[in-house]
Every structure is written in structure tokens, then in C-alpha cells.
Visitor: 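Let me give you the structure first, and then I'll get to my questions.
Here is the naming used below: chain letters follow the sequence lines, and residue numbers restart at 1 for every chain.
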2 protein chains.
Amino acid sequence: MAIGRSPQSSSQTPDPGAARRPSRARGIPEATVARLPLYLRALTALSERSVPTVSSEELAAAAGVNSAKLRKDFSYLGSYGTRGVGYDVEYLVYQISRELGLTQDWPVVIVGIGNLGHALANYGGFASRGFRVAALLDADPAVVGSSAAGLPVRHMDELESIVESQHVSIGVITTPPGAAQQVCDRLVEAGVTSILNFAPTVLTVPDGVDVRKVDLSIELQILAFHEQRKAGDEPDRTESVLDRAPGPVRAAAAKLRRAAGGSGKTRAAAEDADPAAKGKPGKAGEGELSAVMPA
Amino acid sequence: MAIGRSPQSSSQTPDPGAARRPSRARGIPEATVARLPLYLRALTALSERSVPTVSSEELAAAAGVNSAKLRKDFSYLGSYGTRGVGYDVEYLVYQISRELGLTQDWPVVIVGIGNLGHALANYGGFASRGFRVAALLDADPAVVGSSAAGLPVRHMDELESIVESQHVSIGVITTPPGAAQQVCDRLVEAGVTSILNFAPTVLTVPDGVDVRKVDLSIELQILAFHEQRKAGDEPDRTESVLDRAPGPVRAAAAKLRRAAGGSGKTRAAAEDADPAAKGKPGKAGEGELSAVMPA
DNA sequence: TAGATTGTTAATCGATTAACAATC
DNA sequence: TAGATTGTTAATCGATTAACAATC
């Protein structure tokens with residue numbers, strides 16, 4: 001892969017860098033690709049119920065999107081429907097699976113076997129979509145040797161040999177944030193070219209490596225934003241009049257605040273600045289989703 | 001909240017329904033809201049290192065976005081920077097926290113205490129952002145009474161009283177998919193208006209309730225799509241010539257396939273249709289991320 | 001003043017949606 | 001044939017980005 005480093009190219013919610021990624025290969029828009037798994041899931045459910053065909057309207061409802069969007073999405077894959085009838089469920093399952101690359105086997109390594117690593121190792125959705133857990137890895141000798149989901153937890157030292165021998169191209173990072181970049185570097189060095197990152201860290205990877213991230217805290221913060229706007233719009237803001245004042249006034253206020261040494265801080269802001277200063281129950285630092293800290 | 005039901009209005013990757021959500025309240029674009037937590041995280045790190053000011057270029061690099069986008073995003077919040085100087089770190093932490101609603105306390109319930117529920121209960125990022133775990137709930141008597149992250153696991157029966165007494169407006173669903181809609185209904189009925197759903201299910205909620213989902217399997221499938229395109233474009237497709245043939249030919253082929261009873265299936269497609277038929281290691285059904293099945 | 005950096009403009013790009021002709 | 005439903009068009013909307021005037 002290329003040498004030049006670039007900030008991670010993909011993420012979850014909107015998608016910083018989506019436009020830059022080479023991903024539009026064969027012309028399927030990124031937004032469409034992201035919905036294909038939703039359609040596939042809905043189709044799989046229909047298939048299990050032995051439903052032979054489905055209309056765009058029905059399938060769209062099952063997948064939680066609107067039918068025009070679904071038809072547009074499918075039009076990028078080809079004309080797999082029949083006018084006046086709908087789509088053949090089995091055939092569409094096959095086409096979408098193929099398009100997503102799920103007719104291949106994808107060996108995956110999971111690095112960092114804390115609670116989240118355990119949860120992922122046990123995740124049924126992995127195996128049922130062609131993903132196979134090739135190995136569970138951890139740096140903590142206390143964890144290495146134990147087993148999760150019927151697989152032994154192996155030491156980080158084995159990473160390179162496992163990736164090579166099993167042709168692993170996808171890695172999942174469930175370490176604490178402090179270890180994520182190191183782990184990422186080792187994965188990439190070993191030959192992994194797609195990374196799913198659960199650590200709340202921006203990963204830097206070479207060109208040609210895809211990173212997606214799942215960030216639990218961010219999802220909650222987005223909910224909080226909307227929640228705040230529901231509760232009557234002005235819930236209990238500690239907002240100063242100056243904060244909504246015209247430009248010059250605000251600039252002056254900011255300058256004063258700076259001079260005064262951050263007097264505008266509130267509880268949350270102050271705690272962010274010094275996590276050690278707070279006496280809340282959840283004592284772990286931000287993002288310590290898994291238990292152990294690889295070397 | 002309103003009576004009419006609608007499919008869930010928000011999700012993760014692109015965002016089906018983003019345009020429809022009332023969320024643009026006070027005019028901050030959804031894409032910007034989704035990035036505010038990233039900026040906040042980067043700013044918090046700078047704050048911990050006692051960095052007083054930061055330029056849009058530096059902060060953008062730390063957050064993994066481009067600086068024009070960052071400045072545009074901040075312009076929706078107000079003019080909090082100083083030309084020629086940059087942004088005051090503490091002040092910006094405060095402003096973003098306030099905008100996201102993080103200066104308030106948000107009690108949260110987590111329903112379904114399997115591995116993932118455990119992982120979330122232990123997640124440090126919760127407490128450090130004003131989120132407080134008000135209760136852990138499960139329907140399985142074997143789990144109820146145990147403790148996770150220092151909190152007792154309580155029975156689902158207590159859901160309504162907890163939500164009411166502690167004014168919980170945010171619920172996290174980490175149950176198996178089969179239980180998710182029921183749990184969702186109870187949460188909503190009890191007064192919860194924001195839901196973070198980890199179960200691979202499309203939830204139906206009344207207007208006024210926000211749903212975001214985190215879907216591990218979907219993220220992996222998106223990676224697989226891109227990965228497939230890296231390995232030389234035509235990896236080992238089981239693709240028939242007919243699949244890329246012009247419309248009429250393809251339609252005829254599909255019809256034949258239908259008549260023949262789904263002969264186009266491959267391994268992945270066949271297993272999707274009948275999960276019980278497969279002999280893979282991950283024996284759990286799709287999406288059984290957590291251990292127990294609430295009533 | 002000279003250098004630095006913001007905040008905003010305007011152009012561009014990608015995604016969504018309604019509508020409907022094509023066609024089963 | 002009449003009814004149903006796809007696949008595509010075109011309009012609209014929202015997000016991204018480069019560029020630069022404003023201004024510290």
C-alpha cells in the first residue's frame with residue numbers, strides 16, 4: 001500500500017472524507033453501500049419466512065427507509081426487480097451479498113478482550129455474514145490463555161504470524177484509547193487493510209487502509225443534543241446574555257474570560273479539563289471500554 | 001408526545017430521515033452536530049495538557065477533519081474565535097458542551113445486561129460527559145441481583161418507576177433483537193424520548209422520540225465492501241455472466257431462477273435463509289449481543 | 001505594520017425525493 | 001386489458017471545500 005499517511009478516511013455518522021475515498025468503485029454511492037446491509041437484513045428475515053417476492057414499498061418499510069430511495073439504491077446494482085411484481089427475495093439476497101463481498105470468507109482479528117471484545121467475539125452477526133473470528137488477542141498475561149466464545153485469547157506477539165498465515169485483512173480494535181494507535185500500526189504493518197475502531201481515538205493510517213469507527217459516547221451526545229431541544233427549548237441553561245450578544249460584545253467577553261482564566265466553565269467543562277477532580281461513580285477514564293492495556 | 005407512529009428517524013452511517021427530523025432546531029445542521037463531540041474530545045485533550053489556544057488547522061488535524069469544515073461548523077455556534085490567534089480552548093469546551101446539552105445531567109437506563117451491557121456500564125465516557133447510569137435492567141432472574149460496574153442489576157418490572165422517579169429521558173437497548181421492540185415500547189410508554197439501540201432491529205417509535213442505532217455487523221459489512229474492491233477488483237466472484245448482461249436477458253434469467261426455486265444461491269445467501277443449517281463456530285443467532293431475553 | 005488566522009462566500013458535489021413513463 | 005410496480009428523471013436539498021476579505 002501507499003506510504004503517505006492520512007487521517008482516517010471514514011467514520012460513522014456523517015462521514016468525513018467520504019468524498020475523498022476511492023470507495024465509489026464501480027459507481028455505487030457511499031450512502032447506498034451503507035444501506036445495503038439494512039436491506040440485506042430485512043431480506044434475510046423475509047427469506048426465513050419463505051416470502052418469495054417483495055415490493056419496494058414493503059421492503060423499504062421493513063428496512064426503515066423510503067421506497068424511492070430503495071429503488072434508487074437498487075438501480076445502482078442493476079435491474080433486479082420485475083415491474084408489476086417486485087423483487088425476488090432469494091435473488092436479491094444473493095446479489096446484495098455478492099456486492100458487499102459477503103460471499104467470501106473474511107477472517108477477522110479482535111484486539112483487546114475486555115467486556116466489549118467479549119461481546120463482539122460472541123456476536124452472532126459475525127459468523128452469519130461470512131465473517132470468521134480468526135483470533136482474539138490481548139497484551140495482558142492475565143487474560144491471555146483464557147477463552148471467549150470458545151476461542152483462546154492469544155498474546156499480541158502472535159499478531160503478525162496470525163495475520164499472515166490466515167490472510168486476515170480486517171482488524172477490530174477494542175483496546176483502551178491509549179493503545180489504539182499502536183495496535184493499529186501493528187495491524188497495518190502486518191498487512192491488515194480495514195480496521196473497525198471502537199476506541200475513542202482518531203487513528204492515523206496509510207493511504208489504502210480503511211478505518212471505520214464506532215463511538216458510543218458520540219451517539220449519546222447526539223441524542224442529548226436533540227433531547228435538550230425537546231424539553232421546552234430553554235431547559236436550564238447556565239447561559240450568559242453575552243453568549244448570544246452581537247459579535248464585538250462577545251469577542252470582548254471572550255477576551256475578558258480568557259484574562260480571568262476560564263471563568264466561563266461549568267461543571268461539565270471543568271470536569272472535562274480535569275477528570276481526576278470529579279467524584280462520580282464511573283471512575284474509569286474516558287473510553288476505557290475494554291479491560292486491558294496492550295503493551 | 002404525538003400519537004402517530006413512524007419508522008425510526010435516525011441511525012448511524014448516512015442517516016435515513018435526517019432531513020425529516022426536527023433536529024435542525026436553531027439551525028445547526030445535523031452533520032455539524034455529529035461532529036461537535038469529535039471537536040469536544042480533541043479540545044478536552046488539549047485542555048488536559050493546559051494548551052490555552054488552538055488554531056482551526058491544529059484542532060481540525062486532531063479531530064480528523066479538514067479545517068474549512070471545522071470553521072464552518074463553528075460558525076453555526078457563533079464567532080468564538082479570534083482572528084490571527086485561534087480559539088480559546090476552555091471557552092470552546094464550554095460552548096460546545098453547552099450546545100450539546102452536556103452541562104446538564106442525563107440519567108440513562110441500560111436494558112439488557114449481557115457482555116455489551118456490561119461494557120457500556122463500565123464505559124468511562126458516559127460519566128465524563130454528564131451521562132449517569134440511573135439503572136441497569138434485565139428480565140432474566142439469573143442476572144437480576146448481580147452487579148455490574150458497581151451497580152445492581154434490577155428487574156424490568158422496575159423500569160417504569162425508575163424512569164419516572166429519576167426523570168430518565170434516555171434509554172440504551174442492549175437486548176437480543178427479538179426483545180428490542182417490546183423494550184422500546186415500554187421505555188417510550190414510561191416517558192423515555194431518546195433511545196440508543198444496539199439490537200439489530202428497526203425500531204418503530206412515535207413522533208417525538210429519537211432513535212439512534214449502533215450496528216456492529218453493518219460496519220463490518222461496509223468494510224468488507226471496500227476490502228473486496230482492493231484485492232484486484234475481481235477477487236473470486238461466483239458471478240454469472242448473466243448478472244452483468246443487459247436488462248431483458250437478466251430479467252429472463254431471474255425469472256428462470258425463480259421458477260427453479262432460488263438456484264442462484266451461494267454459501268452466504270443459503271445460510272442467511274436458514275441459519276440453523278450452518279456448522280460455523282459462532283453458534284448464536286444474528287445479533288445476540290447480550291446474554292438475556294427480557295420477558 | 002506584517003503575519004496569522006478567522007468567518008463567510010460561492011461554487012461544487014453528493015444525496016434525497018416526488019413523479020411518472022416503461023413494462024410486467 | 002387493467003392494475004401494479006419498477007427504474008429513471010429532474011428538481012431540490014444539504015454538505016463540503018477552496019478561496020479570500022476581514023481583522024486581530
Visitor: Which residues satisfy the side-chain hydrogen bond (donor to acceptor under 3.5 Å, both in side chains) test with B/Ser169, sequence neighbours excluded?
Guide: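 So B/Ser169 forms no side-chain hydrogen bond (donor to acceptor under 3.5 Å, both in side chains) with any residue.
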
Visitor: Under the side chain to side chain contact (heavy atoms under 4.5 Å, CB included) rule, collect the residues that match up with B/Ala180, sequence neighbours excluded.
Guide: B/Ile173, B/Thr175, B/Asn197, B/Ala199, B/Thr201, B/Leu203

Visitor: Begin with the C-alpha distance, continue with both residues' side-chain angles, and end with the deciding distance and a verdict on side-chain hydrogen bond (donor to acceptor under 3.5 Å, both in side chains) for A/Glu90 and A/Tyr94.
Guide: CA-CA 6 Å; A/Glu90 295 297 328; A/Tyr94 165 65; over 6 Å; no

Visitor: Between C/dA15 atom P and A/Arg35 atom CZ, what is the distance in whole Å?
Guide: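 For the pair A/Arg35 CZ and C/dA15 P, the rounded distance is 8 Å.
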
Visitor: Would you confirm whether B/Arg49, through its side chain, and B/Ala45, through its main-chain N or O, come within 3.5 Å as a donor-acceptor pair?
Guide: no

Visitor: Using atom CG of B/Asp73 as one end and atom C1' of D/dT17 as the other, report the distance to the nearest whole Å.
Guide: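 Going from B/Asp73 (CG) to D/dT17 (C1'), I get 12 Å.
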
Visitor: Does B/Lys72 reach the side chain of B/Lys69, with side-chain heavy atoms less than 4.5 Å apart?
Guide: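 No - every pair of side-chain heavy atoms lies 4.5 Å or more apart.
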
Visitor: For B/Ala62, enumerate each residue passing the side chain to side chain contact (heavy atoms under 4.5 Å, CB included) test, keeping only those at least two apart in sequence or located in another chain.
Guide: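 In terms of side chain to side chain contact (heavy atoms under 4.5 Å, CB included), with neighbours along the sequence ignored, B/Ala62 is linked to B/Ala42.
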
Visitor: Rounded to the Å, how far apart are A/Glu30 CD and C/dG14 C1'?
Guide: 11 Å

Visitor: So what is the 5' to 3' dot-bracket string for DNA chain C, if pairs are Watson-Crick or G-U wobble with both distances under 3.5 Å, crossing pairs use [ ] and | means the partner sits on another strand?
Guide: ..||||||||||||||||||||||

Visitor: Atom CG of A/Leu70 and atom C1' of C/dA19: how far apart are they, to the nearest Å?
Guide: 17 Å

Visitor: Between the main-chain N or O of B/Leu40 and the side-chain N or O of B/Thr44, is there a donor-acceptor pair closer than 3.5 Å?
Guide: yes

Visitor: Protein-nucleotides 6-9 of chain C N/O pairs closer than 3.5 Å?
Guide:
from, atom 1, to, atom 2, distance (Å)
C/dT6, OP1, B/Ser56, N, 2.5
C/dT6, OP2, B/Ser56, OG, 2.5
C/dT6, O2, B/Arg83, NE, 3.0
C/dT6, O2, B/Arg83, NH2, 3.4
C/dG7, OP1, B/Tyr80, N, 3.4
C/dG7, OP1, B/Gly81, N, 2.9
C/dG7, OP1, B/Gly81, O, 3.4
C/dG7, OP2, B/Tyr87, OH, 2.8
C/dG7, N7, B/Arg71, NE, 3.0
C/dG7, O6, B/Arg71, NE, 3.2
C/dG7, O6, B/Arg71, NH2, 3.2

Visitor: In whole Å, what is the span from the CG atom of B/Asp88 to the C1' atom of C/dT5?
Guide: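 So the CG-C1' distance, B/Asp88 to C/dT5, works out to 15 Å.
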
Visitor: With sequence neighbours excluded, what pairs up with A/Tyr39 under the ring pair (Phe, Tyr, Trp, His ring centres under 6.0 Å) test?
Guide: A/Phe74

Visitor: Rounding to an integer number of Å, can you tell me how far A/Tyr76 OH sits from C/dG14 P?
Guide: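 In whole Å, C/dG14 P and A/Tyr76 OH are 11 Å from each other.
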
